[in-house]
Amino acid sequence: MACESALPAIMDEQALMGLNPNADACYRQRALAYFEQLKESLDGWEVCAEALAKGFYRHGSLTAAQQQLIRETLMKWLQAQLMNVHPEKPFIRNKAAQVLALTFVMEFLTLWPKFFFDILNLVGLNSNGVDIYLRTLMAIDAEVVDRDILHSPEETRRNILIKDTMREQCIPALVESWFQILQTYQHTHSELTCQCLEVVGAYVSWIDLNLIANDRFVNLLLSHMSIEELREEACDCLFEIVNKGMEPVDKTKLVETLCQVLQSAGFFNIEQEEDVDFLAKFSRLVNGMGQSLVLSWTKLSKMVDVKVSVETLRAVEGKVPLMLQLLIHEDDDISANIVGFCYDYLLVLKQLPALSEQQKTNVEAIMLAVMNKLKYDDEYNFENEGEDEAMFVEYRKQLKMLLDRLAQVSPELLLEAVHRVFNATMQNWQTVQFMEVEVAIRLLYMLGEALPASHGAHFSGDTTKTSTLQSMMRTLVSCGVSEYQHSSVTLEFFETVVRYDKFFLVEPQHIPSVLMAFLDHRGLRHSSPKVRSRVAYLFSRFIKTLHKHMNAFIEDILSRIQDLLELAPPENGFLALLSSDDQLFVFETAGVLIVNGESPAERKQALMRSLLTPLMEAFHMLLAKLPQEADEERQAVLADCLSHAVGFASRTSKAFSNKQTVKQCGCSEVYLDCLQTFLPALSCPVQRGPLRSAVRSFLHRMIICLEEEVLPFIPAASQHMLKDCEPRDLQEFIPLISQITAKFKNQVSPFLQEIFMPLVMAIFEVLSRPAEENDQTAALEKQMLRRSYFSFIQTIASSGMNEVMASQEAENIERVLFTIIQGAVDFPDPVAQKTCFIILSRLVELWGGKDGLVGFPDFIYKHIVPACFMAPLKPTFDLSDAQTVLTLSECTLTLHMIHLKRGLECIQFLQEYLPSLQVSPEITQELCQVLQQPDVKVLKNYMKVFFQQAKL
């Protein structure tokens with residue numbers, strides 16, 4: 001009786017060790033027991049097939065007798081299937097097909113050239129056998145033909161040889177078998193027939209098309225187009241035939257013949273067809289035929305034969321009525337499937353010197369179809385968008401591409417059509433459905449990209465376009481459509497207002513009414529969170545563009561948005577109108593209004609203080625609460641709230657510019673107060689990570705805005721940030737120090753001299769912490785920290801502040817120098833290596849001369865010169881990698897700099913050193929000569945070839 005217990009779905013590798021002739025008795029006994037269990041088990045076959053399919057056995061290592069046994073076993077199993085009343089389960093048949101396919105790939109060219117003939121002779125037209133045969137053909141396609149599967153060069157060569165041999169020896173027999181299967185089972189076994197059609201579609205791309213594209217075969221396929229269960233698969237098969245690469249004249253003939261037959265059979269009568277799934281497939285087929293004709297026309301139009309080119313263009317034009325029917329179809333899948341042909345047809349029209357009346361009519365028809373199909377349907381769920389909604393958004397993107405192409409073919413026609421639709425809709429917006437109103441505004445919005453203008457200057461230049469756009473914008477902001485009670489219309493209104501914000505520079509009288517729309521129930525106080533969120537961002541963009549026209553409204557706007565500028569308390573259940581991310585935009589908007597207003601500095605300072613003081617007060621109060629809070633979740637909520645307060649204050653500073661600095665606006669004192677309020681958070685014993693990150697970001701902004709006024713705060717802040725560091729803390733702290741170094745240079749030299757070694761030691765300490773071998777996150781964190789460290793040293797070296805390093809104790813300097821040598825040679829990270837060689841080159845320039853650092857010339861010869869050779873000679877130094885080539889370039893520049901500074905002494909050293917690397921005297925002499933040439937480019941090219949040859 002069969003054993004019911006399920007076996008693991010993979011083979012027991014330890015049990016298999018017992019098959020080794022040298023295995024001991026214990027292992028042999030275990031293997032025998034395991035295979036007895038396999039034989040008894042119901043799923044033993046599956047396990048064995050899985051093992052075969054996964055390449056568990058290594059075909060090349062089997063004896064000829066074992067390989068013959070596998071062939072015989074497979075054929076016996078296949079023969080057994082012919083007798084089965086009930087076929088095996090599909091997954092077993094798939095696995096068997098996979099095993100047969102793998103065996104075919106291994107043996108067809110050598111041991112089993114009659115593979116297909118053996119199988120065909122065995123299965124005949126037995127339905128069970130035909131099923132396995134077809135599944136095997138699809139598995140062979142996956143192994144040998146499928147371009148989506150990556151193959152090694154050797155496998156690719158083998159696959160080409162397999163296809164060539166199949167074409168010569170067995171493809172005609174396979175095609176004949178397909179015909180017989182299709183003819184035999186078309187009315188009795190739809191599943192087998194569909195499988196066979198799929199096989200034909202898969203193989204047609206690389207076999208002789210005449211075997212398929214003939215009356216006998218095509219008539220059979222067309223008959224399948226009338227059988228409900230087969231028609232979709234038959235459509236796909238015809239699509240693959242049409243898609244096959246061919247000469248343009250032959251392709252045109254094939255497509256035209258197919259079209260005539262399809263048309264006479266009534267398939268072009270779209271309106272009479274109710275099966276949308278079939279129509280989607282048919283639309284794809286028509287799309288393939290249309291695109292094939294366009295491709296043929298493109299090729300032929302480049303040739304001299306004008307007559308054939310004209311005929312092909314006529315063939316393209318002949319498909320346009322059908323294309324339009326499919327494009328305008330109410331089902332979006334059917335419409336989407338024809339967009340490619342439509343797009344290509346418009347490209348053809350764009351290339352013609354002039355359009356005929358019929359072609360202009362076609363363009364208008366496509367335009368109207370696109371405008372119509374852009375509309376949402378009643379079922380679209382705006383508040384909870386799912387998969388269907390996402391598909392419609394993608395479809396809309398395709399339609400937008402068509403609209404852009406229409407604009408290239410006939411911009412005047414598009415502008416006129418949009419103007420007509422827009423005006424008609426806006427005149428009656430109160431009584432029109434939301435999708436009509438939304439699409440009318442959407443079309444106006446889309447014109448912004450379809451009819452491009454430099455820097456959004458849509459309201460200057462071409463008077464026709466300018467006056468039409470201006471007229472539509474005037475209508476949009478004055479007809480009251482912003483009151484429409486649907487979120488999609490509201491959003492489209494604000495999107496369009498902001499896209500054409502330069503309109504308000506031409507007609508500023510409309511600014512007050514649009515500001516009110518932004519500020520009231522239509523915008524920032526809309527009932528939908530989605531609308532409020534988007535409007536917060538759009539409002540900031542609107543204000544940034546038009547800040548010069550806002551002076552009269554500044555204080556009114558600030559008072560209206562005051563409640564939106566409050567820090568949301570961390571109490572549970574409080575529902576703020578805007579999220580903290582949205583509030584960032586509102587704070588930035590407030591900052592822009594204050595900074596760019598025409599008020600005197602004192603007034604600006606007062607307004608900025610009233611904006612930031614509530615944040616400082618809330619921060620002070622919450623920071624006092626945080627250490628007393630025991631619950632970790634509650635701590636995280638408080639820390640989040642504190643981070644938001646810092647972020648909001650930071651965001652207001654983005655309003656300042658070179659023309660309107662913090663000092664000129666009299667706001668320095670306010671931001672210095674913020675700094676004093678926020679810095680104590682650095683010493684908070686809990687939630688260090690988020691608090692440090694927030695304050696660090698604020699410091700970055702203040703270095704830019706307050707300049708040297710921020711310097712007194714830096715030492716204490718740095719001291720706190722270097723305590724109890726994690727790799728990420730240090731990694732984020734180093735850019736801050738680098739920013740200070742690059743900006744203030746000698747002003748901060750004493751501070752840097754003092755902090756240099758504590759910072760370096762903190763980095764060393766973190767890098768030396770043990771981590772688990774497979775901890776990828778820890779390894780990556782260390783790599784990024786190492787890069788940050790080298791970047792910091794580079795900043796110091798390149799800022800002309802060599803005294804920061806030179807003033808350190810000799811043993812500390814040496815320690816730092818060794819880390820740079822180590823970074824250049826030992827770590828296989830080309831980004832860090834490049835930085836290290838830049839540092840070494842700079843240090844040689846600074847200290848490598850006669851008046852340089854004591855003992856440094858010795859270091860050059862003992863460590864830097866060897867590094868320039870040892871690093872590129874490492875196996876991990878991949879010269880085919882672009883980043884590594886840049887590293888080699890910096891390495892070469894380091895050698896060049898050493899020669900510049902040390903002259904003949906350097907050449908003499910190389911003549912002694914290079915032979916120790918087994919470099920021949922001739923090559924040594926050659927390298928030294930190239931090094932002495934003034935052209936660095938020659939040296940770079942030479943060194944690349946030198947190391948390429950050295951690694952052979």
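Using the six-membered ring where Trp is involved, Phe869 and Phe946 have ring planes that are perpendicular, over 60° apart on the 30 and 60° scheme. Under the 30°/60° scheme for interplanar angles, the aromatic rings of Phe859 and His863 are found to be tilted.
Taking both residues in full, the closest heavy atoms of Phe947 and Cys868 are given as CZ-O, 3.6 Å, listed atom of the first, atom of the second, then distance. The minimum heavy-atom distance linking Ala568 with Cys641 is given by the pair O-SG, 3.3 Å. Nearest heavy-atom pair, Val498 versus Leu538, reported as atom, atom and distance to 0.1 Å: CG2-O, 3.5 Å. Across all their heavy atoms, Ser788 and Ile734 have their closest contact at O-CG2, 3.2 Å. When all heavy atoms are compared, the tightest approach of Ala824 to Gln833 is O-NE2, 2.9 Å. In terms of heavy atoms, Leu722 sits closest to Ala762 at CD2-CB, 4.2 Å.
Under the ring pair (Phe, Tyr, Trp, His ring centres under 6.0 Å) criterion, the residue pairs touching residues 757-778 are Phe764-Tyr789, with sequence neighbours excluded. Residue pairs that meet the ring pair (Phe, Tyr, Trp, His ring centres under 6.0 Å) test with at least one member in residues 696-744, sequence neighbours left out, are Phe678-Phe698.
In this structure, Phe656 has its ring center closer than 6.0 angstrom to the ring center of Tyr671.
The main-chain N or O of Ile838 is never found under 3.5 Å from a side-chain atom of Ser841 such that the two would form a donor-acceptor pair. With hydrogens and angles ignored, the 3.5 Å screen pairs a side-chain donor or acceptor of Gln664 with a backbone N or O of Thr661. When atom types are taken as modelled, the side chain of Ser650 and the backbone of Val646 share no donor-acceptor pair closer than 3.5 angstrom. Distance alone, capped at 3.5 Å, places no donor-acceptor pair between the Arg532 side chain and the Leu578 backbone.
Put simply, the residue from Phe585, Phe619, Phe587 that forms a ring pair (Phe, Tyr, Trp, His ring centres under 6.0 Å) with Phe648 is Phe587. Considering Gln605, Glu707, Glu709 in turn, Glu709 is the only one that fulfils the side-chain hydrogen bond (donor to acceptor under 3.5 Å, both in side chains) rule with Ser668.
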Salt bridge (Lys or Arg N to Asp or Glu O under 4.0 Å) evaluation trace for Glu629 with Arg634: CA-CA 7 Å; Glu629 185 59 62; Arg634 181 88 183 126; 3.7 Å; yes
